[in-house]
Protein chains: 2
Amino acid sequence: MTEITGLELTDISASCATSLVGEPLTAEDAEELAHTMKALADPARLRLLSIVAASAGGEACVCDLTEPVGLSQPTVSHHLKVLTEAGFLSRTKRGTWAYYALIPGALDRVSRALGAA
Amino acid sequence: MTEITGLELTDISASCATSLVGEPLTAEDAEELAHTMKALADPARLRLLSIVAASAGGEACVCDLTEPVGLSQPTVSHHLKVLTEAGFLSRTKRGTWAYYALIPGALDRVSRALGAA
DNA sequence: CGTCTATATCGACTATTGTCAATGTCATGA
DNA sequence: TCATGACATTGACAATAGTCGATATAGACG
């Protein structure tokens, strides 16, 4: 699991000046950015992210997501966890439901890390 | 290997309107984008990309890259192939050397797919 | 309390991936 | 022509990741 003890997207913004096309990435920066992008580099997670973003109120619960992506509930839950730990989604529990929402600016930070203008 | 028969970054620009945060990605679009991002989501490849981009003349040969990243020549060659097939690098052979260069705009297309402003 | 219902976690299995040593290819130069 | 040097390909292996079924947890509501 490796777990990278709690440094996620927030830390990328810390070393936000590193823009990939500027000067060579250090091994640590590359590891961080790769870890963040790995969370994004999966078709199921990209779809989940886009569905959540396009949902009414900007949030969706697991039961709304399992059918559109055609995956089992545990698998969807797993993907949502990955996205949450990577700093892309927030999780709010109301009643028995867990609502996931896109964290504003999270994707932009990745864009900037890639050297977006 | 799956190989996705020759549709890479160029095709993302074709369906460039799909911005992830707009409307939900189709399964095909998600597959394409994930495939492209998977090529980026590796520390070694990110470092290779940034080193190439920061090199004099914007290009570098394999022999220049193998030492900075601390990987064997076959491994570096493999990563460069992945990046090239994903549309991020171009390959030019001069003499015995193979020069790799960052393809302009390739990273920007990914940025835009992520919904960059 | 007991029973749904919604999620999360666990355990297992398979597929994919990153890596290297060995080998192949091919252009250069003696 | 033969040797050398730069790179690519192959084959193998360990580690990782995606998936599911089974099970656990935990609110809500009788």
Side-chain angles (χ1 to χ4, degrees), chain A residues 1-4 27 30-49 51-52 55 59-86 88-101, chain B residues 1-4 27 30-49 51-52 55 59-86 88-101:
Chain A
M1 188 70 74
T2 56
E3 198 47 61
I4 308 263
E31 203 81 40
E32 271 186 36
L33 182 54
H35 181 254
T36 300
M37 295 198 67
K38 234 180 255 281
L40 245 41
D42 178 90
R45 288 196 286 269
L46 285 173
R47 294 192 73 193
L48 288 171
L49 217 52
I51 293 172
V52 167
S55 294
E59 61 178 12
C61 60
V62 182
C63 59
D64 293 331
L65 298 169
T66 184
E67 182 269 332
V69 295
L71 292 172
S72 73
Q73 175 267 317
T75 301
V76 170
S77 213
H78 164 68
H79 285 311
L80 292 172
K81 181 179 184 179
V82 171
L83 287 170
T84 301
E85 286 180 340
F88 293 108
L89 290 180
S90 65
R91 195 185 97 114
T92 312
K93 195 154 190 184
R94 282 202 301 274
T96 18
W97 294 271
Y99 290 92
Y100 288 87
Chain B
M1 189 68 77
T2 58
E3 197 45 61
I4 311 258
E31 202 82 40
E32 271 186 35
L33 183 53
H35 181 255
T36 300
M37 295 198 65
K38 232 179 256 281
L40 245 41
D42 178 88
R45 289 197 284 269
L46 285 173
R47 294 193 72 193
L48 287 171
L49 218 52
I51 294 173
V52 166
S55 294
E59 60 178 14
C61 59
V62 182
C63 59
D64 293 332
L65 298 169
T66 184
E67 182 269 333
V69 295
L71 292 172
S72 74
Q73 175 266 316
T75 301
V76 171
S77 213
H78 163 69
H79 285 311
L80 292 173
K81 181 178 183 177
V82 171
L83 287 170
T84 302
E85 287 178 341
F88 293 110
L89 291 180
S90 64
R91 195 187 98 114
T92 312
K93 195 154 191 185
R94 282 201 302 274
T96 18
W97 292 271
Y99 290 92
Y100 288 86

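Below, read A as the first sequence line, B as the second, and so on, with proteins coming before strands; counting in each chain starts at 1.
- One interatomic measurement links the two molecules: CG of A:Leu89 to P of C:dT7, which rounds to 14 Å at whole-angstrom precision.
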When you compare the protein's N or O atoms with those of nucleotides 27-30 of chain C, which come within less than 3.5 Å of each other, and at what distance?
none

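- In this view, B:Ser77 and B:Gln73 satisfy the side chain to side chain contact (heavy atoms under 4.5 Å, CB included) rule, not counting sequence neighbours.
- Under the side-chain hydrogen bond (donor to acceptor under 3.5 Å, both in side chains) criterion, A:Ser72 pairs with A:Thr75, sequence neighbours left out.
- Taking side-chain N and O atoms only, B:Arg91 has no distance below 4.0 Å to OP1 or OP2 of D:dC7.
- For A:Cys61 and A:Lys38, each mapped to the nucleotide of DNA chain C holding its nearest heavy atom, the one lying further toward the 5' end belongs to A:Cys61.
- Note: CE (A:Met37) to C1' (D:dA17) measures 17 Å, nearest angstrom.
- Between A:Leu83 atom CG and D:dA17 atom P there is a gap of 14 Å when expressed in whole angstrom units.
- Note on A:His79: a side-chain N or O is less than 4.0 Å away from OP1 or OP2 of D:dT19.
- In this structure, A:Glu85 places its CD atom 12 Å from P of D:dA17, rounding to the nearest Å.
- Note on residues 88-99 of chain A: pairs passing salt bridge (charged side-chain N to carboxylate O under 4.0 Å, His left out), not counting sequence neighbours, are A:Glu59-A:Arg94.
- Heavy atoms of A:His78 sit under 4.0 angstrom from at least one base atom.
- Checking C:dA6, D:dT9, C:dA8 against every side-chain atom of B:Lys81, the shortest atom distance belongs to D:dT9.
- Taking 4.5 Å as the limit, some side-chain heavy atom of B:Leu65 sits within range of a side-chain heavy atom of B:Leu80.
- Minimum atom distance to the side chain of A:Arg45 is reached by D:dG18, of the listed C:dA8, D:dT19, D:dG18.
- Residues forming a side chain to side chain contact (heavy atoms under 4.5 Å, CB included) with B:Thr96 (at least two apart in sequence, or on another chain): none.
- In this view, A:Ser90 satisfies the side-chain hydrogen bond (donor to acceptor under 3.5 Å, both in side chains) rule with no residue, not counting sequence neighbours.
- When the P atom of D:dT16 is taken as reference, atom CG of A:Asp42 falls 18 Å away, rounded to whole Å.
- Interatomic distance, CG of A:Leu48 versus OG1 of A:Thr66, reported as 9.0 Å (0.5 Å rounding).
- The phosphate of C:dA8 has OP1 or OP2 within less than 4.0 Å of a side-chain N or O from A:Tyr100.
- Here C:dG18 presents its P atom at 16 Å from CZ of B:Arg47, a figure rounded to the nearest Å.
- DNA chain D lies under 4.0 Å from at least one heavy atom of each of the following residues of residues 65-77 of chain B: B:Gln73, B:Pro74, B:Ser77.
- Side-chain atoms of B:Leu40 and B:Leu49, non-hydrogen and from C-beta on, do get closer than 4.5 Å to each other.
- Between the CH2 atom of A:Trp97 and the P atom of C:dT5 there is a distance of 11 Å, given to the nearest Å.
- One end of the helix from C:dC1-D:dG30 to C:dA30-D:dT1 points its axis 10° away from the other end's axis, with each axis taken from 5 pairs and the angle rounded to 10°.
- Whole-Å rounding puts the B:Asp64 CG to D:dC7 C1' distance at 13 Å.
- Sequence neighbours left out, not one pair with a member in residues 34-45 of chain A passes salt bridge (charged side-chain N to carboxylate O under 4.0 Å, His left out).
- By the 4.5 Å heavy-atom criterion applied to side chains, A:His79 and A:Leu71 are counted as neighbours.
- Shown here for A:Phe88 and A:Ala39, the closest heavy-atom pair between the two residues is CE1-CB, 4.3 Å.
- Checked against side chain to side chain contact (heavy atoms under 4.5 Å, CB included), B:Pro43 has the following partners two or more places apart in sequence or in another chain: A:Ala30, A:Glu31, A:Ala34.
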